[in-house]
Amino acid sequence: MNLFTDIHTLVIDSLTTLVAEGVLPEGLDFANVAVEPPRDAAHGDMATNAAMVLAKPAKMKPRDIATALAAKLSDDARVIGAEVAGPGFLNLRLDNSVWQDVLGQALAAGAKFGRSDVGAGKRVNVEYVSANPTGPLHVGHTRGAVFGDALASLLDFVGYDVTREYYINDGGAQVDVLARSCYLRYLEAHGQTVEFPDGTYPADYLKPVGEALKEKYGDQFVDQPEEAWLAEFRLFGIEAMMDLIREDLALLNIEMDHFFSEKSLYGTGKIEDALKRLDGKGLIYRGVLEPPKGKKPDDWEPREQTLFKSTDHGDDVDRAVQKSDGAWTYFAPDIAYHNDKVERGFDALINIFGADHGGYVKRMKAAVSALSDGEVPLDIKLCQLVKLFKNGEEFKMSKRAGTFVTLRDVVDAVGADVTRFMLLTRKNDQGFDFDLDKALEQSKDNPVFYVQYANARIHSTLRKATEQGIAVDVDTLSAADLTLLSDEAQISVARKVAEWPRQVEIAARTNEPHRVAFFLYDLASELHGLYHLGKSSENLRFVNESSQSATHANLALARAVSVVISAGLGILGVKPAEEMR
RNA sequence: GCACCCAUAGCUCAGCUGGAUAGAGCGCUGCCCUCCGAAGGCAGAGGCCUCAGGUUCGAAUCCUGAUGGGUGCGCCA
């Protein structure tokens, strides 16, 4: 299915034969032998570095190895040229039929084209968003939400068994603050004038919660002390906020498989169990932490508390799991939560954090490493900050000034598809300036539009063909004589299509969905280019009046491109457009 | 003070885990609609990949150290 792995296999087989024949010495390690598309198409279709990698261990000249390998590879029908170049590269030229075959495969596989089993059904847990249940999602959360979701889809595409998970921080002091803020709105709903002291949330989105509380409880808590209503209001508030958050996620078509409650870890022995597990490995001890350097802690005094020896697993300092008064730190339930993930049997864990949580990476990795004895890898992807721009000016976020830019604001402004694509057209660890005006522009400057346009063009062409009485269904196109696609421009597009399975694999291996977005842009560019060549040469026109068989072949090519664009956009969570409006 | 991330064209960014002459969009200079959507295409100019060392056949990519920017850093959440 993946042409590159096929050729890689061919190269390795040929090398093995050369060893058997005594041309190459025994015991060579072929692990570093790579087969890649050369950067410059003039160098051929594929290139291998085998000769250079093996030259030293084999104690031979690279060019001698390359020459021997070239002779072997030329025996394969697919290889029509093998040239030694530069320091010892071996450039392979493949028969056009190779690319034409791939198009046939793409049409036959449809939406499945590019899927693979490299994930081997391994269970991966992708935790993302995990915003505190104290309000709607804002721009900062949006990037992590989109990134995590696309990554999950990507991993699913290459054969992992993926669980999308959200950790609800409903156990700490911030939900008490929420409860108090809800109470103030509740009083307000009863006609009182309220003020929001420091340490409460004055936000408008709690007004309806206040109303709902009034609806539910009437005035029974109006003059009551905090103990009377805190627990109830907290529960109610969290539920309301999670509803809000779920709605926000739905705006971006994100649906979680599992919501995990921090609260469920308390009073159930889960935290104790997790720490016992660490203790059993000798990683829990009583001790005193060094004061933090740099900042001048005015109220610092050394106190003995329970610590996790995270330095044994790569952290810079050991971390407290229990405060000196015996209460759990924030880290303790986090350990328990990840212990739970390990116990649920996941083969790999991925967490998506905002840049502001960069400081927790080491300790979380240390915890998972310790809990799973290094068996379960935890990859943490940090999403850097998003700055919003409109009319060339930056939108500053400030809760106090009330300029709180929500996820909903962004989606309202540019739509879910644009939001998703734009945020994914960037490496996660790169900061992002999101220009809302540009995102709405319908031009080449806007990658979403450009890719969508390519797909719409294909469908427009297919519609046009249908109007002319030409059959464009998949069966007809699959039966087309693809050998007619022999022009370099057509083969070039086919090459790009053939690259898709490889690109998804790379993207999945590196946990980098942005690679998919960039690939789609390139593919769209190929398509636009070929389309315009049709203006000058008739046989490159998708609909060719003088030859029905050429038309079918061209439309097969176009449809194969569409198949890949649809699949790629599917991974990114963007709906492929069949026409532009 | 410490940790993590980033530094590539005037601007915004890619660069397939070490490969050949470092790519794309915008902007700039030109060209291309009697034609399946010009909402596009083609071409040109533009680079000491921040700097200095190191590793090797080979470095934008890996290591060390600077410099500049970002994000964090107690028993907070």
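Computed from a predicted structure; not experimentally measured. Here is how names work: the chains are called A, B, and so on, in the same order as the sequence lines, proteins then strands, and each is numbered from 1.
- The existence of a salt bridge linking Glu499(A) and Arg502(A) is excluded, since no basic side-chain nitrogen approaches an acidic carboxylate oxygen closer than 4.0 Å.
- An anti base is found at G40(B): its glycosidic angle is more than 90° from 0.
- Formation of a donor-acceptor pair under 3.5 Å by the Thr329(A) side chain with backbone atoms of Ala320(A) is found in this model.
- Nearest nucleotide to the side chain of Leu382(A), out of C4(B), G19(B), C36(B): C4(B).
- Atom C1' of nucleotide G15(B) and atom CD of Glu499(A) are separated by 13 Å, given to the nearest angstrom.
- Using modelled atom types and a 3.5 Å distance limit, the side chains of Asp318(A) and Tyr285(A) yield a donor-acceptor pair.
- When the nucleotides G40(B), U71(B), C16(B) are ranked by their closest atom to the side chain of His532(A), G40(B) comes out on top.
- Among the protein residues, Gly358(A) comes within range of no part of the nucleic acid, since none of its heavy atoms lies under 4.0 Å from any strand.
- The side chain of Gln430(A) lies closest to A14(B), out of A14(B), G74(B), G40(B).
- Contact of Arg303(A) with C75(B) (side chain to base): a donor-acceptor pair of N or O atoms is detected under 3.5 Å.
- When the C1' atom is compared between A60(B) and U17(B), the two are found 13 Å apart, to the nearest whole Å.
- Between Gly431(A) and Thr461(A), the one whose closest nucleotide on RNA chain B sits nearer the 5' end is Gly431(A).
- A distance of about 13 Å separates the C1' atoms of C48(B) and A22(B), rounded to the whole Å.
- Residue contacts shown for Lys464(A) are limited to sugar-phosphate atoms, with no base heavy atom under 4.0 Å away.
- Atoms NZ (Lys59(A)) and P (C57(B)) sit 13 Å apart, rounded to a whole Å.
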Requested in this report: Map every base of RNA chain B to its dot-bracket character, where paired means a Watson-Crick or G-U wobble contact with both distances under 3.5 Å and | marks a partner outside the strand.
Outcome: (((((((..((((.....[...)))).(((((.......))))).....(((((..]....))))))))))))....
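- U64(B) and U55(B) have their P atoms separated by 15 Å, given to the nearest Å.
- Between Tyr453(A) and His528(A), the two ring planes are tilted [angle within 30° to 60°].
- Proximity note for Pro37(A) (side chain, C-beta onward) versus C16(B), C13(B), G72(B): the nearest is C16(B).
- Aromatic ring centroids of Phe353(A) and Tyr360(A) lie 6.0 Å or more apart.
- Within 4.0 Å of Ala327(A), counting heavy atoms only, lies no atom of the nucleic acid at all.
- Side-chain atoms of Asp522(A) stay outside donor-acceptor range of the base of A24(B), with no qualifying N/O pair under 3.5 Å.
- OP1 or OP2 of A38(B) sits under 4.0 Å from a side-chain N or O of Arg457(A).
- Residue Asn49(A) is in base contact, counting any heavy-atom pair closer than 4.0 Å across all strands shown.
- His138(A) and His141(A) have tilted rings, their planes meeting at an angle from 30° to 60° on a 0 to 90° scale.
- Of the residues near RNA chain B, Val175(A) and Gly359(A), the one whose nearest nucleotide (by heavy atom distance) lies more toward the 5' end is Gly359(A).
- The glycosidic torsion of C28(B) lies more than 90° away from 0, placing the base in the anti range.
- Contact annotation: Arg541(A) side-chain N/O to C36(B) OP1/OP2 distance is not under 4.0 Å.
- Using a 4.0 Å heavy-atom criterion, one finds that Arg463(A) contacts no nucleic acid atom at all.
- A distance-only check finds no donor-acceptor pair linking the side chain of Asn49(A) to the backbone of Met52(A) [under 3.5 Å].
- When the C1' atom is compared between G10(B) and A45(B), the two are found 13 Å apart, to the nearest whole Å.
- Look at His43(A) and the base of A20(B); the rings stack, centres closer than 5.5 Å and planes less than 30° apart.
- Here Glu488(A) pairs with Arg495(A) in a salt bridge; the nearest charged N to carboxylate O distance falls below 4.0 Å.
- For the OP1/OP2 pair of C6(B) and a distance below 4.0 Å, the side-chain nitrogens and oxygens of Lys427(A) include no atom meeting the criterion.
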Report task. Could you check Leu15(A) against Leu54(A) for side chain to side chain contact (heavy atoms under 4.5 Å, CB included), going step by step and ending with a plain yes or no? Result -> CA-CA 10 Å; Leu15(A) 289 169; Leu54(A) 299 176; 3.9 Å; yes
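- A donor and an acceptor atom never sit less than 3.5 Å apart when one is taken from the side chain of Thr329(A) and the other from the base of C75(B).
- Residue contacts shown for Ala55(A) are absent, as no nucleic acid heavy atom lies under 4.0 Å away.
- In the set A3(B), U71(B), C36(B), A3(B) carries the atom at the smallest distance from any side-chain atom of Asp316(A).
- Contact annotation: side chain of Arg502(A) to base of C16(B), donor-acceptor pair present below 3.5 Å.
- Counting non-hydrogen atoms under 4.0 angstrom, Val543(A) reaches a base of the nucleic acid.
- Nucleotides U71(B) and G25(B), compared at atom P, are 32 Å apart to the nearest Å.
- As judged by a 4.0 angstrom heavy-atom cut-off over every strand, Gln305(A) is placed among the base-contacting residues.
- Listed nucleotides C5(B), A20(B), A3(B) differ in distance to Lys362(A); the shortest reach to its side chain belongs to A3(B).
- Among the heavy atoms of the strands lying under 4.0 Å from Asn132(A) are primed sugar atoms or P, OP1, OP2 only; no base atom is included.
- The Tyr360(A) side chain lies nearest to C76(B) when the options are C5(B), A20(B), C76(B).
- The side chain of Phe518(A) lies closest to C13(B), out of C36(B), U71(B), C13(B).
- Distances from the side chain of Ala355(A) to the nucleotides U17(B), U71(B), C6(B) place U71(B) closest.
- Taking the six-membered ring for Trp and the full ring otherwise, Tyr166(A) and Tyr128(A) have centroids separated by 6.0 Å or more.
- The nucleotide whose nearest atom lies closest to any side-chain atom of Ser324(A) is, among G72(B), C75(B), C16(B), C75(B).
- A sub-4.0 Å separation between OP1 or OP2 of C33(B) and a side-chain N or O of Lys535(A) is absent.
- Among the candidates Leu523(A), Leu527(A), Ile491(A), the single residue satisfying the side chain to side chain contact (heavy atoms under 4.5 Å, CB included) test with Lys496(A) is Leu523(A).
- Residue contacts for Ser525(A): at a heavy-atom cut-off of 4.0 Å it reaches no nucleic acid atom on any strand shown.
- Stacking annotation: Phe89(A) is not stacked on the base of G19(B) (requires ring centroids less than 5.5 angstrom apart and an interplanar angle below 30 degrees).
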